[in-house]
Colleague: 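Got a structure here, written out as structure tokens. Questions coming.
Just so it is clear: chains get the letters A, B, ... in the order the sequence lines come, proteins before strands, and each one is counted from 1. Because only heavy atoms are used, hydrogens play no part in the values below, and waters and symmetry mates are left out as well, while side chains stay in. None of these values were measured; they are calculated from a predicted model.
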2 protein chains.
Amino acid sequence: MARTIIENPTHCALTHAMNSIGSKWKPLIIYLLGIKSDGLPLRFGRINAILHYISKRVLVEQLKELETDGLIIRKRYKEIPPRVEYSLSEKGRALLPILENICEWSENHMGHVTFE
Amino acid sequence: MARTIIENPTHCALTHAMNSIGSKWKPLIIYLLGIKSDGLPLRFGRINAILHYISKRVLVEQLKELETDGLIIRKRYKEIPPRVEYSLSEKGRALLPILENICEWSENHMGHVTFE
DNA sequence: CTGCATCCACGCCGATACTG
DNA sequence: CAGTATCGGCGTGGATGCAG
């Protein structure tokens with residue numbers, strides 16, 4: 001390890017990772033696609049319903065970025081009305097253990113932190 | 001696991017975790033304090049110099065939030081000129097393996113992604 | 001040296017309406 | 001159903017100057 005060159009964002013693995021998954025919503029989307037749904041593809045409307053607190057416009061945007069970064073796979077069925085299903089790529093699935101670790105870390109260390 | 005209730009951000013461990021560490025800079029700061037410096041405390045000016053691409057105002061802000069969330073410890077020496085040293089708390093240190101995993105994940109999966 | 005205050009521009013994000 | 005288009009407010013962050 002220690003290949004991460006923190007002084008220069010352009011060559012910093014951590015920075016690059018954060019550009020892919022560091023947004024407010026992306027971890028939740030990946031978690032949803034990977035664990036909550038047992039890896040089954042989900043339609044846009046379903047994702048939108050579960051993550052109802054994310055506005056539609058932003059959800060579209062986040063999904064597009066995740067697809068561009070190779071974390072999720074977007075499959076479009078040529079039907080009317082249209083059907084689009086999202087699922088995790090291998091790269092996205094590789095992230096699941098890390099997200100689980102983050103959840104554990106969060107649960108183990110929330111002593112003094114008070115939520116509103 | 002699976003205690004994370006993704007439908008409701010208020011009771012979602014992943015969301016809470018992301019509120020603490022999901023910003024653009026916080027993982028880098030923690031990584032710097034924990035690994036790059038071998039856990040030794042760092043003065044503000046030194047952090048600012050290494051992470052030169054973060055503006056001073058934002059760095060102050062991020063450090064304050066990290067302290068509030070219990071991830072780092074701020075020690076102020078009553079000297080003139082003032083000296084302030086930052087180091088990781090136990091909670092912050094517990095995050096280091098996760099950050100390493102993220103780096104590995106990033107390095108293992110950057111095939112088709114092109115950086116500018 | 002470290003941190004705060006002020007100002008200001010830019011970008012994000014929600015709301016809404018519209019298309020195929 | 002799954003997006004796109006547009007607008008507008010508000011928050012975020014950079015620059016600068018000041019304080020302890």
Side-chain angles (χ1 to χ4, degrees), chain A residues 7-10 12 15 18-29 32-33 37 40-69 71-88 116, chain B residues 7-10 12 15 18-29 32-33 37 40-69 71-88 116:
Chain A
E7 292 87 346
N8 185 346
T10 308
C12 174
T15 301
M18 282 304 149
N19 286 341
S20 292
I21 60 170
S23 95
K24 194 174 177 184
W25 306 122
K26 286 174 185 171
L28 284 171
I29 297 173
L32 171 60
L33 251 31
S37 75
L40 297 176
L42 287 183
R43 299 185 59 165
F44 177 83
R46 184 110 183 81
I47 300 174
N48 197 17
I50 298 177
L51 304 176
H52 54 88
Y53 43 87
I54 310 180
S55 84
K56 189 178 163 188
R57 206 183 64 65
V58 172
L59 183 56
V60 170
E61 176 193 76
Q62 299 294 300
L63 287 170
K64 200 178 298 181
E65 291 180 13
L66 285 171
E67 190 201 6
T68 301
D69 290 336
L71 295 184
I72 67 176
I73 295 170
R74 179 178 180 278
K75 182 163 188 181
R76 174 184 198 119
Y77 295 87
K78 300 269 178 184
E79 302 173 357
I80 291 177
R83 178 160 61 110
V84 177
E85 288 184 346
Y86 294 90
S87 56
L88 285 189
E116 78 248 46
Chain B
E7 292 86 346
N8 186 345
T10 309
C12 174
T15 301
M18 281 304 148
N19 286 340
S20 292
I21 60 169
S23 96
K24 194 174 177 183
W25 307 122
K26 286 175 185 170
L28 285 171
I29 296 172
L32 170 60
L33 250 32
S37 76
L40 298 176
L42 288 182
R43 300 184 59 166
F44 177 83
R46 183 110 182 81
I47 299 175
N48 196 17
I50 298 177
L51 304 176
H52 54 87
Y53 42 88
I54 310 179
S55 85
K56 188 179 160 190
R57 203 182 66 67
V58 173
L59 183 55
V60 170
E61 176 193 75
Q62 299 293 301
L63 286 170
K64 198 180 299 179
E65 290 180 13
L66 285 171
E67 190 201 7
T68 301
D69 289 336
L71 296 183
I72 67 176
I73 296 168
R74 180 177 180 279
K75 181 163 187 181
R76 174 184 199 117
Y77 296 85
K78 300 270 178 183
E79 302 174 357
I80 290 178
R83 177 161 61 112
V84 178
E85 288 184 346
Y86 294 90
S87 56
L88 285 189
E116 79 248 45

Colleague: For the pair made of CG in A:L63 and P in D:dA2, what is the distance, rounded to whole Å?
Modeller: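 To the nearest whole Å, that distance equals 11 Å.
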Colleague: How would you label the contact of B:E61 with the nucleic acid (heavy atoms, under 4.0 Å): base, sugar-phosphate, or nothing?
Modeller: sugar-phosphate
Colleague: Can you spot which of A:L51, A:I54, A:L32 makes a side chain to side chain contact (heavy atoms under 4.5 Å, CB included) with A:W25?
Modeller: A:I54
Colleague: So which atom in A:L28 and which in B:C12 form the shortest heavy-atom distance, rounded to 0.1 Å?
Modeller: CD2-SG, 3.7 Å
Colleague: With a 4.0 Å cut-off on heavy atoms, is A:Y86 in touch with a base, just the backbone sugar-phosphate, or nothing at all?
Modeller: sugar-phosphate
Colleague: Taking the nucleotide of DNA chain D with the nearest heavy atom to each, does A:P81 or A:K64 sit closer to the 5' end?
Modeller: A:P81
Colleague: Counting only heavy atoms not in A:R74, do more than 12 sit closer than 6.0 Å to its CZ atom?
Modeller: yes
Colleague: So which heavy atom on A:H52 is nearest to which on B:E7, and how close?
Modeller: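 Where A:H52 meets B:E7 most closely, the heavy atoms are NE2-O, 3.0 Å.
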Colleague: For B:L42 and B:R46, work out which heavy atoms get closest and say how close.
Modeller: CD2-CG, 4.0 Å
Colleague: Restricting to non-hydrogen atoms, name the atom on B:R76 and the atom on B:P82 that form the minimum distance, rounded to 0.1 Å.
Modeller: NH2-CB, 4.3 Å
Colleague: Which is true for A:R43 with a 4.0 Å heavy-atom rule: it touches a base, it touches only sugar-phosphate, or it touches nothing?
Modeller: sugar-phosphate
Colleague: Give me the residues of residues 44-60 of chain B where at least one heavy atom lies under 4.0 Å from an atom of DNA chain C, by number, or none.
Modeller: B:F44, B:G45, B:K56, B:R57, B:V60
Colleague: Is there side-chain contact between A:L59 and A:I29, with at least one heavy-atom pair below 4.5 Å?
Modeller: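 SC-SC contact between A:L59 and A:I29 confirmed.
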Colleague: Write down the distance between CD (A:E67) and P (D:dG3), rounded to a whole number of angstrom.
Modeller: 9 Å
Colleague: Walking along DNA chain C from 5' to 3', note the first and the last nucleotide with an atom under 4.0 Å from a heavy atom of chain B, and give both.
Modeller: C:dC1 to C:dT6
Colleague: Mapping A:P82 and A:Q62 to their closest nucleotides on DNA chain C, which lands nearer the 5' end?
Modeller: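 In this pair, the answer is A:Q62.
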Colleague: Once you round it to whole Å, what is the distance between C1' of D:dG11 and NZ of A:K24?
Modeller: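 In whole Å, D:dG11 C1' lies 11 Å from A:K24 NZ.
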Colleague: Could you report the tightest heavy-atom contact between B:S20 and B:L71, atom names first, then the distance?
Modeller: O-CD1, 4.1 Å
Colleague: For the residue pair B:K75 and B:S87, establish whether any side-chain heavy-atom pair is separated by less than 4.5 Å.
Modeller: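 Counting from C-beta outward, B:K75 and B:S87 never come under 4.5 Å.
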